[in-house]
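These values consider heavy atoms only, across backbone and side chains, with no hydrogens, waters or symmetry-generated copies. Proteins get letters first, then strands, A, B, ... in listed order; numbering begins at 1 in each.
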Number of protein chains: 2
Amino acid sequence: MESFGPAQLVLTASIARRYYVDGRSKVEIADEFRLSRFKVARLLDQARSSGLVRIEISHPGAIDLELSVQLQEALGLRRAIVVDTPEVDEPALRTQLGKAAADLLSEIVTAEDVLGLAWARAVTAMTEQLTTLAPVPVVQLTGALTRPDVEANSVELVRHTARLSGGPAYLFYAPLVVPDAATARALRQQPEVAEAISHFDSVSKAVVGLGSWAAGQSTLYDAMDEKACEQLEKRGVVADISGVFVDADGEPVQSRVTDRVIAINAEQMDKIDEVIAIPYGLAKVAAVRAAVRSGLVNGIVTHAPLAKALLNETN
Amino acid sequence: MESFGPAQLVLTASIARRYYVDGRSKVEIADEFRLSRFKVARLLDQARSSGLVRIEISHPGAIDLELSVQLQEALGLRRAIVVDTPEVDEPALRTQLGKAAADLLSEIVTAEDVLGLAWARAVTAMTEQLTTLAPVPVVQLTGALTRPDVEANSVELVRHTARLSGGPAYLFYAPLVVPDAATARALRQQPEVAEAISHFDSVSKAVVGLGSWAAGQSTLYDAMDEKACEQLEKRGVVADISGVFVDADGEPVQSRVTDRVIAINAEQMDKIDEVIAIPYGLAKVAAVRAAVRSGLVNGIVTHAPLAKALLNETN
DNA sequence: AGCCTCCCCGCTCATATGAGCACCATCGGA
DNA sequence: TCCGATGGTGCTCATATGAGCGGGGAGGCT
């Protein structure tokens, strides 16, 4: 069965060519070669199972489709886009991912959607690459974190996107995290904040940030007091999804710290149909896995090395 | 039409994977992805036409299937085997081609066949590589040419093959070319020669030599007197197929020289169902083309460079 | 030889598939 | 505003295809 003569081999190749390349039907091929269509079918089966015909899925672009599909299926994601880019410096990488995410967003957002945007550098990178967007309401999902290295803040991000889209913007000026729960409560009652929050339930698609709960791996971590960080770490927090903390099992972690965050909460995020994150860097493997396990994040735009790491470690 | 969003792209890739790699049906895929089967079909069409799925035919062996099929179709051959071997020295090449031809012969010769063998170095190389053969009569098609560089002659070649096969051998001792027609006539009436010739009509498969009509490109040319060579050349002879001379259009050339050759003639060869030649070397391009055009030769075992040359020059 | 087993072949019939068509939404121009 | 063009969708129906079956030939064993 495993060894064929050369005539058989060439015949099979010939038929495979006719079938796959020329796209003729098996009946036609059978007539041409004076074989029964069953024989043709068997030869084609044989050709495939013996590896004589190899089918590759690829395309001339930045997206590694093979990896994308694998990642999507392995993690059970609604969407996965893997950008095939050599490991360049972080800003360039963010731009690349931002472009891919922007393309994705333009494509999947329709006029019926309500778009939610959280604060994250990757999300900023995305909005910078965004050129067209259906006219939809854009809702700010988190308070702003002002960092010296980022000029745009959460507010600008939302405003810019809404302007591009032509839809209304629901935005507010407030920090992402405040020193105590009472302040947070007060802020949440501010009219603009309250209005934005009131729209959380109608958000149908969102782009969020995704941080690994460690120094330098989450802007929120870096912005928070050490005590709070440690407390959350002790509770098993592995990832923060734009202010929603989850542990390695994907369970949202409640804590006093949670109350100090001005952002969408786990329950609200869970109701959003599509939540897309744009993680990069191998340090985020565990965070991504946790976020996906939580079910909160169901779409990912990332780069090849992280995608491969996610696939490899998937036990 | 030519630009898709990444989501579309990944969806298409996903479907292509399911269809081509996993082998699921379009209906199943449609159910899985909540699409109509028509949509799935259209996406798959799109994927193929846009080059997203690429189908390659290859295999881990010495035979270049792609080239073989192309050659077969371009020249309208019954069989074409192209051995993919780096341009090595001639004897090694002959061995390689001999092996391929031997495999081919073992495969296609059945007990109902009658095998004809002409004299040629390549045919000798083939018989040396032959290990199994259905029990068939083996008929010597040409007289022998004794050359200092070849130990086996036409007779040995036939005897060896017949022994391997287990069938009867029809062989004779006579030179391939004699000084005059009268001698040839006399030789043809010798009992063994006459008997072999009487079997020419029943030969169903034959392996022949193929020479380009020029010095060093045909053992027959080299063995003949200069005058005869020139005369044939003047008549437009481009190739000799084991003693049958053909011009560039593939027309057999009759001449007084023809009568001096002890070998199968054009008419008899034309009746043979499969006639296989084993040409090699780029100098033989024109000869191969003539031989194929004549319709006398309908199977070829060769190497990649010659195959490519034949394909390129095919206007 | 006689028997058995395996394998190869081509059949039937249910199902999958493709070609062509009609419908509908969208969009640009009169 | 209306109209025609356009493209995308899913239908029908004829055709292609796959699963499973039985016949028969080749080869091995007793």
Side-chain angles (χ1 to χ4, degrees), chain A residues 1-12 14-50 52-53 55 106-113 131-136 165-167, chain B residues 1-50 52-53 55 106-113 131-136 164-167:
Chain A
M1 173 66 90
E2 68 289 343
S3 101
F4 307 109
Q8 176 93 341
L9 221 47
V10 172
L11 175 67
T12 308
S14 211
I15 288 174
R17 189 186 167 75
R18 275 269 183 289
Y19 187 76
Y20 287 112
V21 181
D22 301 349
R24 338 267 296 123
S25 89
K26 293 179 187 180
V27 174
E28 285 178 300
I29 297 170
D31 288 346
E32 182 182 340
F33 288 85
R34 311 282 171 100
L35 299 167
S36 75
R37 65 184 186 86
F38 307 97
K39 179 82 180 167
V40 172
R42 279 183 195 112
L43 284 173
L44 284 169
D45 284 349
Q46 213 172 56
R48 274 208 301 192
S49 64
S50 71
L52 200 128
V53 297
I55 294 159
S106 329
E107 187 184 1
I108 66 171
V109 168
T110 70
E112 286 75 44
D113 280 314
T131 54
T132 52
L133 194 65
V136 291
S165 146
Chain B
M1 175 64 90
E2 68 287 345
S3 102
F4 306 109
Q8 176 91 339
L9 222 46
V10 172
L11 175 67
T12 307
S14 210
I15 288 175
R17 189 186 166 75
R18 274 271 184 287
Y19 187 75
Y20 288 112
V21 181
D22 300 349
R24 338 262 309 114
S25 91
K26 294 180 186 179
V27 175
E28 284 177 301
I29 297 169
D31 289 345
E32 182 183 340
F33 288 85
R34 310 282 171 99
L35 298 167
S36 76
R37 68 187 185 83
F38 305 98
K39 179 83 180 165
V40 172
R42 274 191 270 266
L43 284 173
L44 284 170
D45 284 348
Q46 214 170 55
R48 273 209 299 192
S49 64
S50 71
L52 202 129
V53 296
I55 294 158
S106 331
E107 188 185 1
I108 66 171
V109 168
T110 69
E112 285 76 43
D113 281 312
T131 54
T132 52
L133 193 65
V136 292
L164 205 87
S165 146

Examine the base of D/dG18 for any acceptor or donor lying under 3.5 Å from a partner atom in the side chain of A/Arg42, and report the outcome as yes or no.
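Absent.
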Establish, with yes or no, whether the OP1 or OP2 oxygen of C/dT17 is under 4.0 angstrom from a side-chain nitrogen or oxygen of B/Ser25.
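The answer is yes; a side-chain N or O of B/Ser25 sits under 4.0 Å from OP1 or OP2.
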B/Asp113 side chain to B/Thr110 backbone, donor-acceptor under 3.5 Å
yes
Closer than 3.5 angstrom, by distance alone: can the side chain of A/Ser106 be matched with the main-chain N or O of A/Thr132 as a donor-acceptor pair?
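A pair under 3.5 Å: yes.
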Shortest side-chain distance from B/Arg37, nucleotide among C/dG10, C/dG18, D/dG10:
C/dG18
B/Ala41 side chain, from C-beta outward: closest of C/dG18, D/dC11, C/dG10
C/dG18
Taking [atom1] from [X] and [atom2] from [N], how many angstroms apart are they, rounded to a whole number?
{"X": "B/Arg34", "N": "D/dT9", "atom1": "CZ", "atom2": "C1'", "value": "19 Å"}
{"X": "B/Lys26", "N": "C/dG18", "atom1": "NZ", "atom2": "C1'", "value": "8 Å"}
{"X": "B/Gln46", "N": "D/dT9", "atom1": "CD", "atom2": "P", "value": "10 Å"}
{"X": "B/Leu43", "N": "D/dG10", "atom1": "CG", "atom2": "P", "value": "11 Å"}
{"X": "A/Lys39", "N": "D/dT17", "atom1": "NZ", "atom2": "P", "value": "17 Å"}
{"X": "A/Phe38", "N": "C/dC13", "atom1": "CZ", "atom2": "P", "value": "12 Å"}

Identified side-chain contact (heavy atoms from CB on, under 4.5 Å) partner of A/Val40 from the options A/Val27, A/Leu35, A/Thr12:
A/Leu35
Using a 4.5 Å cut-off on heavy atoms from C-beta on, say whether the side chain of A/Ile29 contacts that of A/Tyr19.
yes
